[in-house]
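Heads up, the thing below is written out as structure tokens.
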Amino acid sequence: MGAELLRCDLAGFAEVAPEWDRLAAGGDSPFLTAAWVGSWWRAFEPAGAVALLLRDEDGALLAGGLFIDDGGSLRAAVNDHTNDWGVVAAGEVETARLWAGVAELGRRSIVLEPLLAGEGAGAARRALEAGGYRLAEEELEPSPWLELPPSFEELLAGRSRNLRSQVGRRRRGLEKEGELELRPVTGGEALDAELDAFFALEASGWKGRKGTAIASDPALEALYRGYAESAAAQGCLRMYMLELNGKLVAADYGCVHDDCGYLIKTAFDEELGRFAPGLVLRAGVLRASIDEGLGRYDFLGGPDDYKRRWADRLQGRAAIHAFRGNSALPAYAWRRRVRPALKRGRDLIRGVGR
């Protein structure tokens with residue numbers, strides 16, 4: 001059974017944010033919370049953005065998701081700064097009803113990514129197939145994460161001998177240069193200044209030179225400043241500032257959600273690269289996360305080497321491309337047949353998988 005979905009603009013989303021967060025609580029990702037969704041929507045204001053909502057007969061919110069709808073196609077409202085995307089719902093039945101309602105919209109094509117692999121992607125798949133869509137699916141790059149043990153010493157004991165040695169050696173090297181302090185930031189009156197310092201540190205390195213730093217784009221700064229303010233108000237913001245003689249040398253911008261710490265952005269002073277301040281910061285943040293009593297830590301992004309040195313698990317993500325009607329057959333054939341074949345050919349030429 002499907003459902004008639006209600007459409008909600010940005011102003012309306014602010015009104016439903018408390019209900020939305022009740023559905024997102026205990027979910028799989030901070031990127032599905034109203035704090036992130038609302039900050040992203042306000043920062044980028046993409047054309048066609050709409051929240052599709054499912055309510056019961058009394059008006060209570062049962063499920064919702066943020067989409068871009070141009071009338072012919074529907075896609076997840078995301079960009080390069082959205083690590084996860086999905087819908088929030090009261091339960092599996094409500095999730096299925098929302099996806100059935102999406103299928104009933106009858107859009108020619110639907111693009112959903114990056115979906116967390118698992119039941120969330122499965123519910124979308126089942127509803128779209130039942131609605132007459134042809135599906136092409138793709139595995140996306142996974143992100144590293146780890147279960148946190150009761151103590152930092154136990155965590156270190158499970159890592160490589162080389163990593164254990166480097167953590168101690170690099171920290172001692174920085175301490176020889178002066179006073180080293182790791183300072184957590186969770187909000188407060190100085191939050192704007194702390195964000196300014198983080199943005200400046202990130203822009204001081206290669207991201208600044210390439211023009212991809214947060215400070216290089218007003219929309220990006222609006223996103224990360226807006227989310228920090230919302231997360232701080234809810235007690236979820238976790239920034240960590242590593243200072244040497246009072247100067248910021250490495251920093252994390254992250255959050256806590258459902259007993260898990262998340263690394264959203266990180267930066268370090270490249271002029272001090274010989275001391276590996278990023279490694280010292282990472283060890284300190286993991287220790288602080290354990291001391292806080294968190295059960296997990298998610299590095300987000302791709303499986304970079306500096307993350308895999310610590311992490312022992314991977315969180316998969318998926319993309320679903322759905323096509324309906326004869327006019328969409330060429331796009332379906334490209335996505336389902338031609339594109340995978342070209343990718344396999346490129347991988348063979350590069351020697352991937354040998």
Side-chain angles (χ1 to χ4, degrees), residues 27-33 36-37 40 44 65-68 75-87 109-125 135-147 159 163 202 205-207 210 212-214 220 223-224 227 252-255 257-258 260-268 278-279 282 285-286 296-322 334-354:
D28 295 324
S29 173
F31 296 93
L32 304 186
T33 63
W36 179 268
V37 173
W40 187 92
F44 298 106
L66 184 63
F67 297 82
I68 304 294
R75 66 183 188 275
V78 299
N79 60 13
D80 291 341
H81 295 269
T82 308
N83 198 85
D84 307 321
W85 181 90
V87 302
S109 65
I110 298 176
V111 179
L112 307 174
E113 62 174 311
L115 285 165
L116 288 169
E119 179 53 31
R125 180 190 307 113
L135 303 187
E137 299 185 48
E138 178 183 355
E139 290 185 2
L140 302 180
E141 196 172 47
S143 62
W145 68 279
L146 72 155
E147 289 189 0
R159 308 283 82 80
L163 179 59
E202 189 205 33
W206 65 269
K207 289 184 179 180
K210 290 186 64 176
T212 60
I214 293 170
L220 290 184
L223 168 63
Y224 290 105
Y227 176 69
D252 272 4
Y253 174 112
C255 69
H257 177 77
D258 189 30
C260 182
Y262 290 85
L263 172 61
I264 298 176
K265 288 286 183 179
T266 192
F268 68 92
L279 175 63
R282 188 65 38 234
V285 170
L286 290 172
R296 297 171 292 138
Y297 190 86
D298 196 327
F299 288 87
L300 300 176
D304 304 287
D305 288 343
Y306 81 91
K307 304 173 186 177
R308 294 299 303 271
R309 298 181 75 184
W310 293 100
D312 52 10
R313 305 194 181 188
L314 292 174
Q315 170 64 63
R317 287 171 178 80
I320 294 179
H321 295 254
W334 162 261
R335 179 64 61 172
R336 181 66 184 272
R337 307 293 184 191
V338 179
R339 190 172 182 272
L342 292 174
K343 183 179 184 301
R344 288 193 296 271
R346 288 195 300 269
D347 288 346
L348 285 174
I349 293 173
R350 296 171 181 168
V352 175
R354 290 180 182 174

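Values reported hereafter were calculated over all heavy atoms of this structure, with side chains retained and with hydrogens, waters and symmetry mates removed.
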* Asked: What are the two closest heavy atoms between Leu112 and Ala124, and how far apart are they?
  -> CD1-CB, 3.9 Å
* Taking the six-membered ring for Trp, are the ring centroids of Phe31 and His257 within less than 6.0 Å of each other? -> no
* side chain to side chain donor-acceptor pair (under 3.5 Å) involving Lys265 - partner list, sequence neighbours excluded -> none
* Closest contact, heavy atoms only, Ala319 versus Glu113 -> CB-CB, 3.6 Å
* Structure fact -> Taken in chain and number order and not counting sequence neighbours, the residues that satisfy salt bridge (Lys or Arg N to Asp or Glu O under 4.0 Å) with Asp28 are none
* Structure fact -> So CG of Leu286 and CZ of Arg159: to nearest 0.5 Å the spacing works out to 9.0 Å
* Distance in Å, Asp298 CG paired with Ser143 OG, rounded so as to fall on 0.5 Å steps -> 4.5 Å
* Heavy-atom side-chain proximity of Asp84 to Gln315 below 4.5 angstrom -> no
* After noting the C-alpha distance and the side-chain angles of Leu115 and Arg317, does the key distance pass the side-chain contact (heavy atoms from CB on, under 4.5 Å) rule? -> CA-CA 5 Å; Leu115 285 165; Arg317 287 171 178 80; over 6 Å; no
* Can you list the steps and then say if Asn79 with Trp40 is a side chain to side chain donor-acceptor pair (under 3.5 Å)? -> CA-CA 9 Å; Asn79 60 13; Trp40 187 92; 3.0 Å; yes
* **Side-chain heavy atoms of Arg308 within contact of Pro303, under 4.5 Å** => yes
* Structure fact -> Residues Cys255 and Ile264: closest non-hydrogen pair is SG-CD1, 4.0 Å
* To do: Taking the side chain as every heavy atom from C-beta outward, state whether Leu135 and His321 have any pair of such atoms under 4.5 Å apart.
  => no
* To do: Answer yes or no: is there a side-chain heavy-atom contact under 4.5 Å between Phe268 and Leu279?
  => no
* Asked: After noting the C-alpha distance and the side-chain angles of Arg125 and Glu137, does the key distance pass the side-chain contact (heavy atoms from CB on, under 4.5 Å) rule?
  -> CA-CA 9 Å; Arg125 180 190 307 113; Glu137 299 185 48; 2.7 Å; yes
* Starting from the C-alpha separation in whole Å, work towards a yes-or-no answer on side-chain contact (heavy atoms from CB on, under 4.5 Å) for Phe299 and Trp145. => CA-CA 6 Å; Phe299 288 87; Trp145 68 279; 5.5 Å; no
* Does the ring centre of Trp85 sit less than 6.0 Å away from the ring centre of Phe67? -> yes
* **Where Tyr262 and Ser29 come nearest, the two heavy atoms and their spacing** => OH-CA, 4.2 Å
* To do: Would you please name every residue forming a salt bridge (Lys or Arg N to Asp or Glu O under 4.0 Å) with Arg313, sequence neighbours left out?
  => Glu147
* Structure fact -> Nearest heavy-atom contact between Pro114 and Asn83 is CG-O, 3.2 Å
* Asked: Could you state the interatomic distance from NE2 (His81) to CH2 (Trp36), rounded to the nearest 0.5 Å?
  -> 8.0 Å
* To do: Flag the pair Leu66 / Val37 as yes when at least one side-chain heavy-atom distance between them is below 4.5 Å, and no otherwise.
  => yes
* Asked: Hey, what do you get for NZ (Lys207) to OG1 (Thr212), rounding to the nearest 0.5 Å?
  -> 6.5 Å
* Derivation and outcome, side-chain contact (heavy atoms from CB on, under 4.5 Å), residues Leu223 and Phe44 -> CA-CA 8 Å; Leu223 168 63; Phe44 298 106; 3.8 Å; yes
* Enter the distance from Lys307:NZ to Leu314:CG here, rounded to the nearest 0.5 Å. => 11.0 Å
* Structure fact -> Rounded to the nearest 0.5 Å, the CD1 atom of Ile214 sits from the CG atom of Leu220 at a distance of 7.0 Å
* Which atom of Leu32 lies closest to which atom of Val87, heavy atoms considered -> CD1-O, 4.2 Å
